[in-house]
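Contents: one structure, followed by commentary.
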Amino acid sequence: MWKNIQPAPPDSILGLTEQFKKDQNPQKVNLGVGVYKDDDGNTPILEAVKKAEQVLLASQTTKSYLPISGDPAYAKAVQKLVLGENSDPFQSSRAVTVHAPGGTGALKVGADLLKKFAPQAKVWVSSPTWANHNGIFSDAGFELDSYSYYNPESKGLDFDRMIGELAAIPSGDIVILHTCCHNPSGVDLDQAQWDEVVRVAKQQGWIPFLDFAYQGFGEGVEEDRYAVEQFGAAGIDFLVASSFSKNFGLYNERTGALTVICPSAEEAAVAMSHLKTVVRTNYSNPPAHGGLVATIILDDSQLYQQWLAELADMRVRIKDMRHALVQGLNACGVPGDFSFIERQRGMFSFSGLSDDVVRWLRAEKNIYVVGGGRINLAGLTTKNIDYVCQSIAEAVQAVA
């Protein structure tokens, strides 16, 4: 049946990683895929995770299926972290949570849920956005459009255009918002700007869908959930897709959650009943290990504090690499002001490198960068930063 069918194009980011893996050059550097690396270039297992796994191994008595929505203790732990223990949605049971296979799975469940009850809605994504947003929501059957976000001239947020366009989106449409550490730009809203977005959402009546994959990678666990807290206080319907891939390092455990927040506990219970039907026909029930590990950590005060410290170390390392990249580019004489890289947050940056430079770096220096110049700062280390900066300087000169 496949003889007359053309192969599907490779994923732009994961395909780049496949090329990187096949590269035999010992100096190769992967600045593409969104995975945290330590200064040795490894994706570590957190010590808090290892300790929680030991607890789980000693106490687990069954490998039976979890409930369709996942372990209730996991849902409660997710809500305390994502919404805040003192938030009204948590305190008044206006939120319901299902354990999903990663943040991507959470987005998919949310997309399928919304398609059932808002089939004519249009989905709006930021320009630019994480490429898989387009795939997930278009595959769910939605028409997509975009709102202004990144200004390539200022290397910052184009907020006036953004808020003007959000104010024109009709009631019932769905707006995908990056809660913090915007992927791919690294450019975030400040608190006053989030307040304005929440006001417009409530005024217009569109449905906010928050992608919260990087909690703790911006400024801190509590600081990074500011937008979620403000939407929760507004008393409107919205959704949050969250992930423990990055902040717990549970990448291959596929540990995420979809939380649906409603104006009342009664409406939230109705939402949960339909969430279960979506999950049942997608994957029936979630994988257990990662969620059980995360629950142990979030419910144990000592492990929780250890996790916060390890998360802070990851966050600081990325900020250090931002600083080192800016200093290195300046020292190598690369033309332009790269200070904007230090103002961005999270693992990603729109570096300002042209596609010609990106292609040259890959061909000549075995440095892998996503088209459009997005780089993963966690791919930089104290060992490769000089090589990367010198290579960029050569590339800029070569393609000039």
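Throughout, numbering of the chain's residues begins at 1 and tracks the sequence.
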Problem set entry | Exam field: side chain Asp300 to backbone Ile296, donor-acceptor pair closer than 3.5 Å | no
Problem set entry | Ring geometry between His178 and His182 (parallel below 30°, tilted from 30 to 60°, perpendicular above 60°) | tilted
For this session: Spell out, yes or no, whether Tyr214 and Leu107 are grouped together once hydrophobic residues are joined by side-chain heavy atoms under 4.5 Å, including indirect joins.
Result: no
For this session: Return the orientation label for the Phe142 and Phe137 ring planes: parallel under 30°, perpendicular over 60°, tilted otherwise.
Result: tilted
Problem set entry | Test item: Gln91 side-chain N/O and Glu85 main-chain N/O as donor-acceptor pair under 3.5 Å | yes
Exercise. Is Glu364 atom CD crowded by more than 12 heavy atoms from other residues, nucleotides or ligands, each under 6.0 Å away?
Worked result: yes
Exercise. Going by atom types alone, do Asp173 and Trp124 pair a side-chain donor with an acceptor below 3.5 Å?
Worked result: yes
For this session: Is it possible for you to say whether Phe117 and Val98 belong to one hydrophobic cluster, with membership spreading through side-chain heavy-atom contacts below 4.5 Å?
Result: yes
Seminar exercise, completed: For Leu157 and Leu189, the nearest pair of non-hydrogen atoms, with its separation, is CD2-CG, 3.8 Å
Exercise. Does Lys28 make a cation-pi contact with Phe20, if we ask for NZ or CZ under 6.0 Å from the ring centre and within 45° of the axis?
Worked result: yes
Problem set entry | Over all atoms of both residues, closest heavy-atom pair of Thr259 and Val78 | OG1-CG1, 4.2 Å
Exercise. So, for His99 and Pro286, which heavy atoms are closest and what is the spacing to 0.1 Å?
Worked result: O-CB, 3.3 Å
For this session: Indicate whether the side chain of Ser243 and that of Ser245 have a donor and an acceptor atom separated by less than 3.5 Å.
Result: yes
Exercise. Would Lys50 and Glu47 pass as an ion pair if we require N to O under 4.0 Å?
Worked result: yes
Problem set entry | Salt bridge Asp356-Arg359, side-chain N to carboxylate O under 4.0 Å | yes
Exercise. Parallel under 30°, tilted from 30 to 60°, perpendicular over 60°: which one fits the rings of Tyr149 and Tyr147?
Worked result: perpendicular
Problem set entry | Ion pair Lys108/Asp112, N-O distance below 4.0 Å | yes
Problem set entry | Glu342 atom CD, over 12 foreign heavy atoms within 6.0 Å | yes
Exercise. Does the ring center of Tyr226 lie less than 6.0 Å from the ring center of Trp194?
Worked result: no
Problem set entry | Minimum heavy-atom distance Leu377-Arg317, with the two atoms named | O-NH2, 4.4 Å
Seminar exercise, completed: Smallest heavy-atom separation, Gly379 atom then Asn384 atom, equals O-ND2, 3.2 Å
Seminar exercise, completed: Between Ser351 and Gly373, the two heavy atoms sitting closest are OG-O, 2.5 Å
Problem set entry | Proximity of Phe238 and Phe209 rings by center, below 6.0 Å | no
For this session: Using side-chain contact (heavy atoms from CB on, under 4.5 Å) as the criterion, point out the one residue from Ile375, Ile392, Leu31, Val358 that pairs with Ile367.
Result: Leu31
